[in-house]
2 protein chains.
Amino acid sequence: MPRGRESWKQQPWWYGRFRGCGYRLTVPREVILGVLSKTSGHLSAEDIYLAVHKVYPAIGLTTIYRTLELLVQMGLVFKFNFGDKRARYELAEGSKGIRHHHHLVCTHCGKVMDYTDFIDEEVELLNQIEKGLSKKFNFKITNHLIQFYGLCEKCQEK
Amino acid sequence: MPRGRESWKQQPWWYGRFRGCGYRLTVPREVILGVLSKTSGHLSAEDIYLAVHKVYPAIGLTTIYRTLELLVQMGLVFKFNFGDKRARYELAEGSKGIRHHHHLVCTHCGKVMDYTDFIDEEVELLNQIEKGLSKKFNFKITNHLIQFYGLCEKCQEK
DNA sequence: GATATTAATGAAAATGGTTTCTATTAACAA
DNA sequence: TTGTTAATAGAAACCATTTTCATTAATATC
């Protein structure tokens with residue numbers, strides 16, 4: 001492993017989350033989280049594999065999938081499905097710089113855009129809806145998914 | 001085909017949509033739409049296949065997939081993904097009795113519930129948001145997906 | 001109503017993203 | 001430093017969905 005043990009000293013933000021769950025801090029996990037935080041979102045498992053592979057060719061695709069599953073389950077990463085058959089992953093909010101957002105998906109070319117400019121009304125209504133649903137269905141809401149589908153600028157021209 | 005040609009006389013509601021697109025009216029298509037409209041939503045391709053198979057064993061799974069794809073593309077059917085890997089299909093609003101709705105998905109047992117009690121505020125805000133997004137991103141919105149994830153009543157108890 | 005055209009179908013095979021299996025490696029507690 | 005055991009890599013399996021191709025049947029035309 002081409003990293004000194006000392007570099008753990010400046011522990012990354014997810015260090016505690018891992019230790020708290022009894023999970024080990026491994027190089028693949030660190031590298032995968034690194035790729036996710038450096039690259040702008042919507043990455044497929046293969047995208048991540050290729051990026052990781054450039055630096056650590058020994059890390060296999062299986063580990064990418066396993067690690068992503070773990071990260072999703074830990075709540076550090078969100079998994080999305082935009083209509084093509086591969087799943088997409090992106091870092092959850094919490095690490096600096098990433099905010100909660102929804103997606104605009106072009107049904108023609110597959111382009112995905114982030115939508116972060118929530119208006120206050122919107123956030124409040126969403127909370128209200130979630131509260132209402134929780135009560136009515138006795139359903140404990142932990143998350144929501146909002147996506148808008150349509151045609152992006154370029155695809156409209158055709 | 002065990003149906004007289006006369007029965008087309010009381011043309012089903014989708015008749016015009018098919019003819020308008022130049023698509024043929026076939027028994028498999030009729031049967032599949034029949035299953036979708038008789039059964040309550042969230043059916044997988046296999047669910048539909050099994051239901052169809054009981055009455056018309058000659059209709060194959062391939063045709064189910066092909067027909068569903070066509071129906072989705074025509075806008076008669078919506079395709080969903082609830083986290084397990086199989087796609088789910090349900091009739092779009094338009095045929096009597098089916099209203100636009102969103103979904104509550106239990107991340108533990110996979111149960112899916114429909115949420116139809118939109119408040120006026122909600123519908124209006126959604127329109128407003130879509131209008132804003134269309135303008136800001138020059139994106140022509142044709143559809144949206146809203147799902148809430150969490151734990152259903154039973155799964156909370158455990 | 002009979003017939004030609006060609007879209008639609010069924011069965012089997014292929015595809016491809018994801019998961020499982022198993023022997024090996026490495027994180028970390030002692 | 002060493003033992004325990006979680007984590008990993010690579011190959012094989014999995015399985016929902018798609019493709020291929022020969023056959024069938026819906027519709028337009030005669």
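Computed from a predicted structure; not experimentally measured.
Using a 4.5 Å heavy-atom threshold, the side chains of Ile146(A) and Leu145(B) count as separate. For the pair Glu122(B)/Ile129(A), a side-chain contact is recorded, criterion being any heavy-atom separation below 4.5 Å from C-beta on. At a threshold of 4.5 Å between non-hydrogen side-chain atoms, the residues Arg29(B) and Tyr23(B) count as touching. The shortest side-chain heavy-atom distance between Leu36(B) and Leu71(B) falls under the 4.5 Å cut-off.
Here the P atom of nucleotide dA29(C) and the CG atom of Leu25(A) are 10 Å apart, to the nearest Å. Between the CD1 atom of Ile64(A) and the P atom of dG10(D) there is a distance of 12 Å, rounded to whole Å. Nucleotide dT18(C) holds its P atom 11 Å from the CG atom of Asp47(A), rounded to whole Å. One can place OH of Tyr49(A) at 17 Å from P of dG16(C), the figure rounded to the nearest angstrom. With rounding to whole Å, His53(A) atom NE2 is found 15 Å from dT8(D) atom C1'. One interatomic measurement links the two molecules: CG of Leu70(A) to C1' of dT18(C), which rounds to 16 Å at whole-angstrom precision. In this structure, Asp84(A) places its CG atom 13 Å from C1' of dG16(C), rounding to the nearest Å. The distance between atom CZ of Arg19(B) and atom P of dA26(D), rounded to the nearest whole Å, is 12 Å.
Between His103(A) and Tyr115(A), the ring center distance fails the sub-6.0 Å criterion. Proximity of the aromatic rings of His102(B) and Phe148(B) is defined here by a centroid distance below 6.0 angstrom, and this criterion is not met. Between His100(A) and His144(A), the gap from one ring centroid to the other is short of 6.0 Å.
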5' to 3', nucleotides 16-24 of chain D under a 4.0 Å protein heavy-atom cut-off (B base, S sugar-phosphate only, - none) gives SSBBB----

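Remark: side-chain polar atoms of Gln156(A) are paired, donor with acceptor, to backbone N or O of Leu151(A) under 3.5 angstrom.
The ring pair (Phe, Tyr, Trp, His ring centres under 6.0 Å) search around His53(A) returns Tyr49(A), not counting sequence neighbours.
Comparing the start and finish of the helix from dG1(C)-dC30(D) to dA30(C)-dT1(D), five pairs each, the helix axis swings through 40°, to the nearest 10 degrees.
In terms of position on DNA chain C, the residue among Pro57(B) and Gly22(B) whose nearest nucleotide sits closer to the 5' end is Gly22(B).
Phosphate contact (OP1/OP2 of dT8(D), side-chain N/O of Arg24(A), threshold under 4.0 Å): absent.
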